[in-house]
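Counting starts at 1 for both ligands and their atoms, in listed order. As the structure is a computational prediction, the values presented were derived from the model and not from experiment. Scope of the values below: all heavy atoms of this structure, side chains included, with no hydrogens, waters or symmetry mates.
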Amino acid sequence: MFKQNSFYKIILIALVLLVAVNFPGFSQSSLIQNIYGRTHTSLNGRWNYIIDPYEMGYYDYRHMPFDQSASGKGGFYDDRKPKDKGEWVEYNFDLSPAMKIPGDWNSQAEKLQLYEGTIWLRQKFNADPKADKKYFLYFGAVNYEAHVYLNGKKLGTHKGGFTPFQFEVTGKLLKGENFVVVKADNKRFQDEIPTVNTDWWNYGGITRDVLLAEMPASYIEDYKVQLAKGNMNKMEGFVQLAGADKVQSIIINIPEAGIKQTVTTDATGRASFDFAIKKLNYWSPENPKLYAVEIAAASDKVTDKIGFRTIETKGQDILLNGKSIFLRGICMHDENPLIPGRLRGEGDMRMMLQWAKEMNCNYVRLAHYPHSETMVRLADEMGLLVWAEVPVYWTISWLNEATYQNAEKQLSDLMTRDKNRSSVIVWSIGNETPISEPRNIFMGKLAATARLLDNTRLVAAALEIHRKGNDVVVEDPLGEKLDLVSFNEYAGWYWSSTKDMLNYKFDIKFNKPVVITEFGADALGGYHADEETRWSEEYQDLLFKNQFTMLTAIPGLRGMTPWILVDFRSPRRQHPYFQDFWNRKGLISETGKKKKAFYTVKSFYDEMQLKYK
Ligand code: GCB
């Protein structure tokens with residue numbers, strides 16, 4: 001009975017997703033694939049802002065929202081109309097300070113460091129809209145809730161701090177000057193994703209690029225070109241057109257590989273395809289080969305850089321292009337330690353990935369939420385495999401259907417955005433979610449959705465362990481639905497001591513590759529003491545050495561991502577001397593100095609590399 005029910009649920013999810021993907025008015029599901037590869041204008045730069053803790057620009061004195069009142073007046077979104085009766089006059093964007101966008105607000109003004117609430121942001125820009133084009137306002141990410149207005153008219157709202165969204169603005173742009181206003185609100189709520197309690201800084205604002213894209217009337221909205229699951233000789237994918245001209249013939253051209261295929265889209269604008277291919281120069285960390293892939297319809301054309309590789313598991317092995325690999329990884333947050341704040345652009349991102357490469361990593365866990373598209377594209381280019389995650393973290397409201405829908409939307413938007421990235425091999429549906437029946441159902445549904453949307457990658461989650469005597473037991477029932485056995489274990493830090501941890505054995509109930517998602521210890525960079533003194537680099541270093549001894553005893557061990565590449569800011573980390581709002585589990589300090597353990601991890605990875613040659 002239960003099985004039958006879940007079968008119907010899966011079919012239902014499939015139908016809902018199919019409708020969502022194909023329904024043209026569903027703006028947030030029809031994200032434009034490869035936005036950076038399209039004609040666009042950047043609206044980044046300095047945006048004026050108004051701090052509005054009481055949400056004066058949104059609620060009137062009876063606390064009724066007035067941003068969509070019949071008169072269209074009131075609200076901070078509209079500073080152009082004459083200030084007649086009923087309209088709010090106690091603000092002025094032009095005289096307000098400005099901040100850099102993309103950029104979190106917390107690190108741009110001292111009084112905003114701990115701010116959680118609403119800030120209004122405005123940018124002016126020029127446009128010259130053409131009658132035969134379509135226009136889209138695209139946001140890489142706004143944390144957490146965004147209300148967006150163009151020239152005083154509301155375009156819509158979006159929730160979720162790490163995924164892109166867009167609004168069609170065709171017919172709404174003025175020739176000459178336009179202005180866009182965003183009400184960004186980073187307040188935390190129990191029923192949201194993530195929820196109120198996280199171990200990272202709740203950076204607010206427009207943290208990623210804002211673009212105005214210009215598309216032909218009928219355009220290539222989305223596409224996927226990847227190898228079929230476990231098949232190095234078969235290309236698979238789809239092209240989705242949007243606009244009036246839905247039936248078109250499409251050429252998929254990969255000149256360097258001698259591939260040229262023509263497919264025809266159906267009445268819904270979709271063409272799915274698969275075709276046999278001859279040998280390719282396959283993508284791997286050692287050989288991050290990207291091909292120029294050109295997709296051309298009569299009305300539109302887009303070029304992407306795509307790598308081709310297969311990823312699958314077989315028993316306890318992870319096979320990349322058919323060959324068993326060991327994932328030499330590291331976790332990272334989307335945060336720059338040197339100039340604290342969200343990573344501001346490609347330079348910051350390259351620095352982070354370069355550090356991982358210096359440690360001889362071939363893999364990174366982009367914790368605990370979607371990182372930017374640029375980061376994942378860099379991983380493609382630099383040859384780093386990626387674990388990509390959604391912020392289903394700790395204590396989610398498992399019984400709230402709207403919370404589930406939100407989690408599923410964030411997952412599907414992440415997967416839509418990054419499905420052509422060869423670096424991404426794992427979709428993670430969450431981190432350290434405590435076992436209970438409602439949670440198992442929620443997470444089970446998310447796992448099924450991930451599989452439905454992409455059968456070519458692995459589905460995983462960072463699970464929890466429990467201890468029984470000297471056994472570390474991994475038996476979370478969710479493990480049945482995942483491809484990897486991944487768990488966070490903090491032996492030597494949150495339990496046991498660096499010495500006693502060596503007495504523990506792992507009791508893992510699943511015959512799958514074991515890829516440990518977290519372990520580590522806090523160390524204040526430059527603080528030296530004996531190996532038994534917590535917070536010292538020596539303590540952290542010994543912990544890593546003993547972890548490697550303990551973990552290599554697990555027969556199915558196929559990788560790990562210790563916690564974490566660099567120290568990061570967290571309001572939960574209160575020790576005034578050692579932490580001061582920093583989680584110190586980084587292998588690199590917030591000044592960019594490598595701690596002792598960095599080199600220990602590197603030499604362990606050097607060994608593992610030789611073993612898996
Ligand atoms: C964890 C969490 C991570 C924390 C880390 C810690 O298990 O997944 O977000 O930052 O532990 O430092 O305690």
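A donor atom on one side chain and an acceptor atom on the other are not found under 3.5 Å apart for Asn336 and Arg342. At a cut-off of 3.5 Å, with distance as the only test, no side-chain donor of Glu346 or Thr374 sits close to an acceptor on the other residue. Residues Asp104 and Asn143 bring no donor and acceptor atom of their side chains to less than 3.5 Å of each other. Between the side chains of Asn202 and Asn106, no donor-acceptor pair is found at a separation under 3.5 Å.
With a heavy-atom cut-off of 4.0 Å, Trp493 does not touch ligand 1 at all. Contact annotation for Arg573 and ligand 1: only side-chain heavy atoms (C-beta onward) come within less than 4.0 Å of the ligand. Neither the backbone nor the side chain of Trp200 comes within 4.0 Å of ligand 1, counting heavy atoms alone.
Contact atoms of ligand 1 toward Asn488: 7 (O), 8 (O) (distance under 4.0 Å to a heavy atom of the residue). Near Phe568, meaning under 4.0 Å from one of its heavy atoms, ligand 1 places the atoms 10 (O). Of all atoms in ligand 1, numbered sequentially from 1 with element shown, those under 4.0 Å from a heavy atom of Asn583 are 6 (C), 10 (O), 12 (O).
When the options Ile564, Asp199, Thr198 are ranked by their closest heavy atom to atom 4 (C) of ligand 1, first place goes to Asp199.
Judged by distance alone, with hydrogens and angles left aside, the side-chain atoms of Lys357 form a donor-acceptor pair with the main-chain N or O of Met382 at under 3.5 Å. At least one donor-acceptor pair under 3.5 Å links the side chain of Ser497 to the backbone N or O of Asp500.
For atom 12 (O) of ligand 1, the nearest protein heavy atom (residue, atom name, distance) is Lys585 NZ, 2.6 Å. In terms of protein heavy-atom proximity, atom 13 (O) of ligand 1 is nearest to Tyr494 OH, 2.5 Å. Counting only heavy atoms of the protein, atom 7 (O) of ligand 1 lies nearest to Glu432 OE2, 2.3 Å. Counting only heavy atoms of the protein, atom 5 (C) of ligand 1 lies nearest to Tyr490 OH, 3.3 Å. At the shortest separation from atom 1 (C) of ligand 1 among protein heavy atoms lies Glu518 OE1, 2.8 Å.
A cation-pi geometry, defined here as NZ or CZ lying under 6.0 Å from the six-membered ring centre and within 45° of its normal, does not hold between Lys159 and Tyr144.
Residue contact check for ligand 1: Glu464 places no non-hydrogen atom closer than 4.0 Å to it.
The shortest side-chain heavy-atom distance between Phe544 and Phe519 falls under the 4.5 Å cut-off.
With Ser570 as reference, Asp199 is the one residue of Thr198, Asp199, Asn583 to meet the side-chain hydrogen bond (donor to acceptor under 3.5 Å, both in side chains) rule.
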